[in-house]
Amino acid sequence: MSQSEEPLTTAGLMREITVLKEKFKGEDEETYSPYADLEKATVLQECRIFHDSKAVRESPRKCCTTITKLLYIVAQGESLTSAELIDVFFGVTKLFQSKDASLRRMVYLFIKEVAESCDRGDVIIVTQSLTKDMNSDTDLYRSNAIRVLARIVDAGMLGAIERYIKQAIVDRHPLVSSSALISASHFFESSPESANIVRRWLNEAQTALQSPHEMVQYHALSLLYQIKKHDRLGVSKLVTQLSKNGSLKSPLATISLIRYTSKLMHDEARENSGVSDGSSELARAGYSFLEGSLRHRNEMVIYEAARAICNLPGVEPQDLAPGVTVLQLFLSSPRPTVRYAAMKTLSEVAMLAPMAVVKCNEDIEVLISDTNRSIATLAITTLLKTGSESSVDRLMKQISSFMNDIQDEFKIIIVKAVKDLVMKYPGKQRILIGFLSNILREEGGFEFKKSIVNAIMFLMDAIPETKENGLIQLCEFIEDSDFTALSTIILHMIGNLGPDTPNPARYIRFIYNRVILENSQVRAAAVTALAKFGAKVPSLRESILTLLQRSLADEDDEVRDRSNIAVDVLKRAIAENDYSALDENGDPAPDVPTSSDSAAFLLLEPLPMSFSQLERSLKQYSNAPGALESAEPLSFNTLPVVEEVVEVAPVQDSNGSSNIMGASSPLASSAAAPPAADPAADIYAIPELAHLGRVFRSSPPVEQTESETEYVVKCIKHIFNEHVVLQFKVQNTVDSQRLDNVTMALEGESEILTVSGEIACESIPYGETGSCFTVLDRDVSVGIAPSAFTCELHFTAVGVDPMSGEEEGDSYEEEYAVEDLEIATSDFIAKVNLGNFRNSWEQMGNECEVLEKFALSFKSTEEAVENVINYFGMSACDGTATVKNPSKPHMLHLSGVFVGSKPVMVRAQVGKTADGVVLKVAVRSEDADVSRQVADCIR
């Protein structure tokens with residue numbers, strides 16, 4: 001064979017690439033792809049060479065090139081028709097007669113790639129050729145043929161070749177055995193039928209696990225776990241057996257075994273409410289195996305074992321020592337990947353057990369100057385978590401010189417670590433706030449600056465001593481800020497906090513500079529901030545009034561409107577309450593507004609609801625029948641109650657901490673939520689229900705059947721002041737039936753609720769959902785208590801043609817039992833946040849307070865808190881829905897509005913004991929009966 005026709009090998013291909021690289025070295029024009037202008041028709045014409053037996057035998061490289069072109073056009077999105085695929089596959093079967101190894105591998109590659117994007121009926125043409133190769137004497141052909149067959153064989157054909165694959169799994173050649181094991185794993189995931197066949201190969205996989213070849217061991221263990229992963233006892237036996245006999249020689253297999261062991265220990269701890277039971281046999285054997293793996297000769301295995309030990313749930317500090325010691329040794333490794341892995345794991349350990357990492361601090365400090373910025377960032381953040389108070393100054397100097405060399409994403413991580421350090425050592429707040437303010441004035445992107453501002457604002461709220469220092473630093477920042485969003489939020493905060501500082505006048509200059517130098521959005525925010533200073537500090541009103549009057553002619557409508565309102569309010573307040581620096585006795589007068597000050601009320605008091613809630617409330621008010629014709633004046637008291645929208649909790653990272661700029665952040669960006677539909681719209685659309693008035697609240701849908709049943713039923717409870725309307729939404733999933741005259745029959749004994757009427761749904765065709773209604777009258781003279789009703793769906797089943805929907809056959813009356821329905825006291829409470837919980841609680845007073853104590857049978861504090869919120873059906877305030885420290889009693893704040901527009905508040909203490917959970921509840925409202933009924937929600 002001539003040189004031009006020698007087989008294509010990796011070495012030869014690399015030589016050609018090197019020659020081409022040298023040939024075109026130094027040329028400025030873009031590299032031209034030889035496949036750039038390929039056309040499908042031309043390539044398919046070239047595929048005719050596959051039918052030329054002589055060309056296949058003598059020019060295998062030309063055939064390889066043609067297959068490469070085919071793969072290229074397929075990768076570019078060109079699709080082959082069924083006729084074209086059949087023609088190509090027929091040609092490809094002719095290539096199996098060639099003995100050229102490179103061509104044969106290209107054939108396998110082509111079949112495997114194209115099989116993903118074409119019908120199985122088309123690729124079945126080559127199955128016979130692949131089956132023949134699977135029984136070949138050439139191991140290379142056998143292994144590749146098995147892997148290609150795994151892409152095109154379904155469960156029906158798998159049974160025919162099962163015998164060959166089982167033989168290949170225990171083959172002495174590692175390439176064949178590994179290929180068969182990988183294919184078995186693919187078969188297991190492809191369909192449940194194939195998985196049942198693969199489960200019969202356990203003995204062969206066990207045999208392959210004893211192979212002397214490392215890769216075969218790894219693939220065999222992976223397959224065994226895949227088969228047994230839903231059988232916890234089976235996995236436990238497998239892990240115990242392998243960890244004791246030490247038969248695994250493959251590092252990858254040992255790593256997998258470590259992970260399986262760790263998962264078993266985590267699962268056991270989860271069943272024990274998050275605490276690892278170190279006395280159990282599994283825990284002892286697992287820890288012993290992990291500790292023994294620390295002495296493995298392979299670096300990957302050692303790291304994986306150390307990482308598993310450090311991540312064990314509820315592990316004691318002394319048990320962490322072996323893993324931390326190994327990771328400390330890895331910190332001095334010459335390989336950056338090893339140093340990064342060790343540093344990352346130690347950083348995670350430092351979050352939960354910082355004292356266990358303190359002994360590594362000297363080695364970690366060396367990594368601050370590491371050339372890999374990721375390693376250096378992890379080193380700094382870890383030192384900030386483990387360092388002592390005396391080392392803060394030295395660390396800040398090291399970090400300051402380091403900050404200019406890293407990207408913003410790493411800087412954000414350091415900012416979060418500094419924020420946590422301030423919380424740990426409040427005495428160092430001036431140094432750390434100064435560090436944050438310095439980097440705030442340096443170059444950086446919006447996300448970086450936003451994280452710093454958010455950190456300073458968080459610290460000002462958490463540590464009162466940082467308020468003045470933080471305010472001044474943020475005021476200096478907005479002098480040169482290029483970010484409108486940051487400037488407006490900082491001005492808003494200055495307007496809220498600045499007037500309460502000992503010297504509020506010092507901030508006026510910073511705010512007014514924004515009025516004369518910034519864009520319209522910032523000017524509007526600055527005008528509002530000045531107005532707040534004038535409303536809260538009477539001594540500054542005259543000066544602030546002068547400044548605001550200069551904005552009355554602003555070119556922006558928003559700025560002018562805000563200035564006009566503020567000027568008018570302040571003028572009226574000055575006229576009503578003339579401020580004097582001295583009181584009647586000649587002593588300095590308090591510089592605070594009086595209780596009747598109109599400026600303080602209009603400019604400082606927040607709205608009873610958010611703007612989004614106000615919008616929804618107004619829409620619901622206008623939807624109610626006769627609302628717009630009512631003579632009743634429109635006020636906040638007459639608007640419908642709008643419940644809180646439950647927000648998704650901030651996403652947590654792998655360390656369990658919230659994202660730096662999570663949903664709770666003042667600067668967190670949130671996508672505009674779609675407008676919520678009025679759940680009572682269906683009620684208002686029915687004239688027969690118009691006399692009931694306005695709906696107080698509507699419950700979420702309650703499922704009364706499984707989603708797979710022939711009739712899917714959900715119930716929405718609409719609460720009125722003196723009535724309850726039950727809306728039953730019925731979905732018909734029977735294609736041969738139409739449901740006519742659909743009603744829901746209720747039976748039950750209730751002292752407060754009686755059935756007074758029902759509205760049937762005329763017709764529900766297949767696939768559609770209709771609603772029927774049942775009206776209950778409430779006896780308002782009796783206190784609200786839980787009521788239960790048995791429900792039975794009544795309808796006329798009409799036979800229809802599944803295709804046309806036309807009636808055929810007879811109709812008959814049918815009854816269908818659904819789940820019982822409970823109307824609880826919590827259904828009469830709307831989830832509404834009443835504002836500042838502490839102030840509202842004190843204003844409510846304890847005249848109508850009810851105190852109770854309960855013993856609850858929950859396994860954890862988190863579970864108890866979640867269920868207590870559900871029992872009361874109220875809105876959790878101040879972030880108390882999240883349990884931060886399960887080992888300590890948790891205080892839960894809840895607020896809502898009881899039917900009849902009666903505010904109600906709850907303070908609950910949830911504490912874990914050896915026997916369960918103890919709940920102490922205090923309920924306050926303006927009505928003693930309401931407090932008692934709410935307290936009785938706990939059952």
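Everything quoted here is computed from the prediction, not taken from an experiment.
Note that the CD atom of E409 and the CD atom of E447 stand 11.5 Å from one another [nearest 0.5 Å]. Once rounded to the nearest 0.5 Å, the distance linking CG of L378 with CD1 of I375 reads 8.0 Å. Note: L352 CG to N311 CG = 9.0 Å, rounded to the nearest 0.5 Å. A distance of 10.0 Å separates CG in L367 from CG in N372, rounded to the nearest 0.5 Å. Once rounded to the nearest 0.5 Å, the distance linking CG of L221 with CD1 of I255 reads 11.5 Å. Note that CG of D480 is 9.0 Å distant from CZ of R441, once rounded to the nearest 0.5 Å.
Taking 4.5 Å as the limit, every side-chain heavy atom of S256 sits out of range of all side-chain heavy atoms of Y225. At least one side-chain heavy atom of Y218 sits less than 4.5 Å from a side-chain heavy atom of M215. The shortest side-chain heavy-atom distance between L474 and F510 does not fall under the 4.5 Å cut-off. Residues I439 and E442 are in side-chain contact: their nearest non-hydrogen atoms beyond the backbone lie under 4.5 Å apart. When side chains are defined from C-beta on, V326 counts as touching F330, because their heavy atoms get closer than 4.5 Å. Inter-residue side-chain proximity for E558 and S520 is flagged as unmet; no heavy-atom pair is nearer than 4.5 Å. When side chains are defined from C-beta on, V883 does not count as touching S860, because their heavy atoms never get closer than 4.5 Å. Counting heavy atoms from C-beta on, the side chains of R506 and E468 come closer than 4.5 Å.
Looking at S293, its side chain does come within 3.5 Å of a backbone N or O of F289 through a donor-acceptor pair. Judged purely by atom type and a 3.5 angstrom limit, D363 has no side-chain atom pairing as donor or acceptor with the backbone of L331. Judged purely by atom type and a 3.5 angstrom limit, D878 has no side-chain atom pairing as donor or acceptor with the backbone of T880. The backbone N or O of I258 sits nowhere less than 3.5 Å from a side-chain atom of E304 that would complete a donor-acceptor pair. With hydrogens and angles disregarded, no donor-acceptor distance shorter than 3.5 Å links the side chain of R562 to the backbone of T528. Remark: the backbone N or O of R838 is not paired with any side-chain donor or acceptor of H893 at under 3.5 angstrom. Under the 3.5 Å distance criterion, the side-chain polar atoms of S481 are left unmatched by any main-chain donor or acceptor of I478.
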task = Show the numbers, then the answer: is there a side chain to side chain contact (heavy atoms under 4.5 Å, CB included) between S347 and K344?
result = CA-CA 5 Å; S347 177; K344 187 173 188 302; 5.6 Å; no

key: Worked verdict on N469 versus Q473 for side-chain hydrogen bond (donor to acceptor under 3.5 Å, both in side chains)   = CA-CA 6 Å; N469 187 18; Q473 302 297 348; 3.2 Å; yes

query = side chain to side chain contact (heavy atoms under 4.5 Å, CB included) between I472 and E476: does it pass, once the steps are laid out?
reply = CA-CA 6 Å; I472 288 297; E476 293 178 356; 3.8 Å; yes

ask   = Between T484 and Q521, does a side-chain hydrogen bond (donor to acceptor under 3.5 Å, both in side chains) hold up when you go through it step by step?
value = CA-CA 7 Å; T484 298; Q521 295 182 38; 5.4 Å; no

request  = Evaluate the side chain to side chain contact (heavy atoms under 4.5 Å, CB included) criterion for residues D319 and L312: first the C-alpha distance (whole Å), next the side-chain angles of each, then the deciding distance (0.1 Å), finally the verdict.
outcome  = CA-CA 10 Å; D319 295 330; L312 288 177; over 6 Å; no

request  = Could you walk me through whether T386 and N361 pass the side-chain hydrogen bond (donor to acceptor under 3.5 Å, both in side chains) test, one step at a time?
outcome  = CA-CA 8 Å; T386 61; N361 280 1; 2.9 Å; yes

request  = Decide yes or no on side-chain hydrogen bond (donor to acceptor under 3.5 Å, both in side chains) for T345 and R307, but give the supporting numbers first.
outcome  = CA-CA 6 Å; T345 305; R307 178 172 172 269; 4.9 Å; no

query = Do K450 and F483 pass the side chain to side chain contact (heavy atoms under 4.5 Å, CB included) test, and can you show the C-alpha distance, the side-chain angles, and the key distance before you say yes or no?
reply = CA-CA 9 Å; K450 186 172 70 171; F483 303 109; over 6 Å; no

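Minimum interatomic distance between V349 and V357 (heavy atoms only, all atoms of both residues): CG1-CG2, 3.7 Å. The two residues C475 and Y507 make their nearest non-hydrogen contact at SG-CD2, 3.7 Å. In plain terms, the two heavy atoms of V453 and F477 that are nearest each other are CG2-CE2, 4.2 Å. Shown here for S333 and E299, the closest heavy-atom pair between the two residues is OG-OE2, 4.3 Å. Taking every heavy atom of both residues into account, L384 and L421 meet most closely at O-CD1, 3.0 Å. Taking every heavy atom of both residues into account, Q226 and S185 meet most closely at OE1-OG, 2.6 Å.
Considering L294, L257, T254 as possible partners of V301, the one that fulfils the side chain to side chain contact (heavy atoms under 4.5 Å, CB included) test is T254.
Among residues two or more places apart in sequence or in another chain, the side-chain hydrogen bond (donor to acceptor under 3.5 Å, both in side chains) test is passed with R339 by D370.
Remark: the K888 side chain and the T861 side chain contain no N/O donor-acceptor pair separated by less than 3.5 Å.
Summarising the local packing, NZ of K428 is surrounded by more than 12 heavy atoms from other residues, nucleotides or ligands at distances under 6.0 Å. Within a 6.0 Å sphere centred on CD of E443, heavy atoms belonging to other residues, nucleotides or ligands number 12 at most. Within 6.0 Å of the CZ atom in R373, the count of heavy atoms belonging to other residues, nucleotides or ligands exceeds 12. The number of heavy atoms from other shown groups lying within 6.0 Å of CG (N885) is above 12.
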List, one per line, each side-chain donor-acceptor pair under 3.5 Å for residues 489-496, sequence neighbours excluded.
unit_1 : atom_1 : unit_2 : atom_2 : d
H492   : NE2    : N496   : ND2    : 3.1
N496   : OD1    : K532   : NZ     : 2.9
N496   : ND2    : H492   : O      : 3.4

